[in-house]
Amino acid sequence: MHGSSSTPPSGPSPEPDGFDKLYRDHVDLLYRYAHRLCGDVESAKDLVQETFLNAYRGFRSFRGDAQVSTWLYTIASRACMRMRRKRKGEPDRELSLDEFVPTSEGEFRLQIPMDGLTPEEAFQNKELREALDQAIQKLPKKYRMTLVLRDMEGLSAKEVGAIMGATERAVKSRLHRARLFVRRELSARGITRPAADSHTPSMSKRESTR
Amino acid sequence: MKTRLTHATPRADKTARPHAHPPGRCLRILRQLSAYIDDELPSRICKELRRHLGACPNCEVFVASLRNTVTLCRHRPTPYLSASERSALRRNILRASKAGARLAITALMLGAWWLSPAVGLSPGNLEQGRATYERHCADCHGSEGRGDGKLAISLSPRPGNLISAHTSAKSDRDLLNIIANGRPRTAMAGWKDRLSDDEQRAVLAYLRSLVKFTHSATPSPPLQ
């Protein structure tokens, strides 16, 4: 790309080229991660910038191999932990399983309106898209990070553990709570399209799953 | 900050009628649902769970909605950087890394030759900058430039974080302009009447020197 044009011609310095490659290969991945974590463009760019700045620092011993994305995820995650929250949201608290136990029939029955739709079709519904984003942003940071790394970035629990400095067990537990949280947020927002089967839920449920 | 609920099980009584299993069971099932969805449970437990779900419409709906949640997360499309944004970001990174690297004396490797060297970094300069900073700036911006000085809490908007990537990426000219003329609608007043040009530059040099990359924040890169 234009990388070559702004690389200085002088000096035997392998770093800018190597760094350019690191940047080129991973900027999209990091931006995607940052955007999912921060929820808005500007903070995401800040985080990407911060991450590459820090990466630059540890770059000299970098040789380039498959784990480099994990390394960058780690830097980004730590940088994100240090970032001040710009917007109001859930304070960093622990989520307890108990708070997700449905307390009423209605709460049990809350559904997410995507029966019979592919995810792509479901996301045509702008309201649903926004509700999902907001729910994720409302998660306390470490739960959000876990959910994003695991369910959105598709890393294994072990990798997430390495990135966040937590045990696999802790990752799974956080992930579960984060999912329950998002599920509750999504379903409780009333975007629930009254499904055709809402009058006889048990019967039609059975039909649809058998 | 524990949540206020310690035992929610008794509350599940309300659902007792169609939802026939004892409330304690509910929590136990709920605890395992993600592992169930992710197919991580031993087959025996999995079978047991499936049997329960088949008999309990409530739980079945619950699982379906949790599964949908995960599916949505997995497929949420994200915006991408445009080519121009990508290159602008790259420029910012190199520029900011130059500012930080000046101290590390690796600046020449960065080849950030497009920046005018407005700020010299002689030790005397830095010392003067530090003194000026401590006297005039630290109360708001904090002794380390994090925007957390003792007056910070009383200000709205809060004083800027001077060591953030955002600030680091600004050019010397932009920052000198802010130091000289202040920021509208904030507590940041212009200093051009109170500080000489040299003093302003020294403060800037000191600010740039505050940007350090904390080693602990950056794990060492993976080795082959």
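Note on naming: letters A, B, ... go to the chains in the order of the sequence lines (proteins, then strands), and numbering restarts at 1 for each one.
- Side-chain N/O atoms of Ser65(B) and Arg183(A) include a donor and acceptor closer than 3.5 Å.
- If you take CZ on Arg31(B) and CZ on Arg177(A), they are separated by 7.0 Å, rounding to the nearest 0.5 Å.
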inquiry  = side-chain contact (heavy atoms from CB on, under 4.5 Å), that's the test. Do Leu186(A) and Asn68(B) meet it? Break it down for me.
reply    = CA-CA 10 Å; Leu186(A) 275 187; Asn68(B) 282 344; over 6 Å; no
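- No part of Glu153(A) comes within reach of chain B, as not one of its non-hydrogen atoms sits under 4.5 angstrom from that chain.
- In this structure, the side chain of Arg90(B) does not engage the main chain of Val27(A) through any donor-acceptor pair within 3.5 Å.
- Looking at Pro79(B) and His35(A), their side chains come closer than 4.5 Å, going by heavy atoms from C-beta outward.
- Heavy-atom pairs under 4.5 Å with chain A were tallied for His75(B), Arg76(B), Arg74(B); the largest tally goes to Arg76(B).
- Only the side chain of Asp28(A) comes within less than 4.5 Å of a heavy atom in chain B; its backbone stays farther off.
- Annotation: the span from Asp20(A) atom CG to Leu94(B) atom CG amounts to 7.0 Å, rounded to 0.5 Å.
- Taking 4.5 Å as the limit, every side-chain heavy atom of Tyr56(A) sits out of range of all side-chain heavy atoms of Ile93(B).
- Looking at Leu132(A), the atoms closer than 4.5 Å to chain B (heavy atoms on both sides) all sit in the side chain, from C-beta outward.
- At a 4.5 Å heavy-atom cutoff, the contact between Lys172(A) and chain B is made by side-chain atoms alone.
- The side-chain heavy atoms of Leu180(A) and Phe62(B), taken from C-beta on, include a pair separated by under 4.5 Å.
- Listed for the Tyr31(A) side chain is no donor-acceptor partner under 3.5 Å among the backbone atoms of Leu81(B).
- Contact annotation for Arg36(A): only side-chain heavy atoms (C-beta onward) come within less than 4.5 Å of a heavy atom of chain B.
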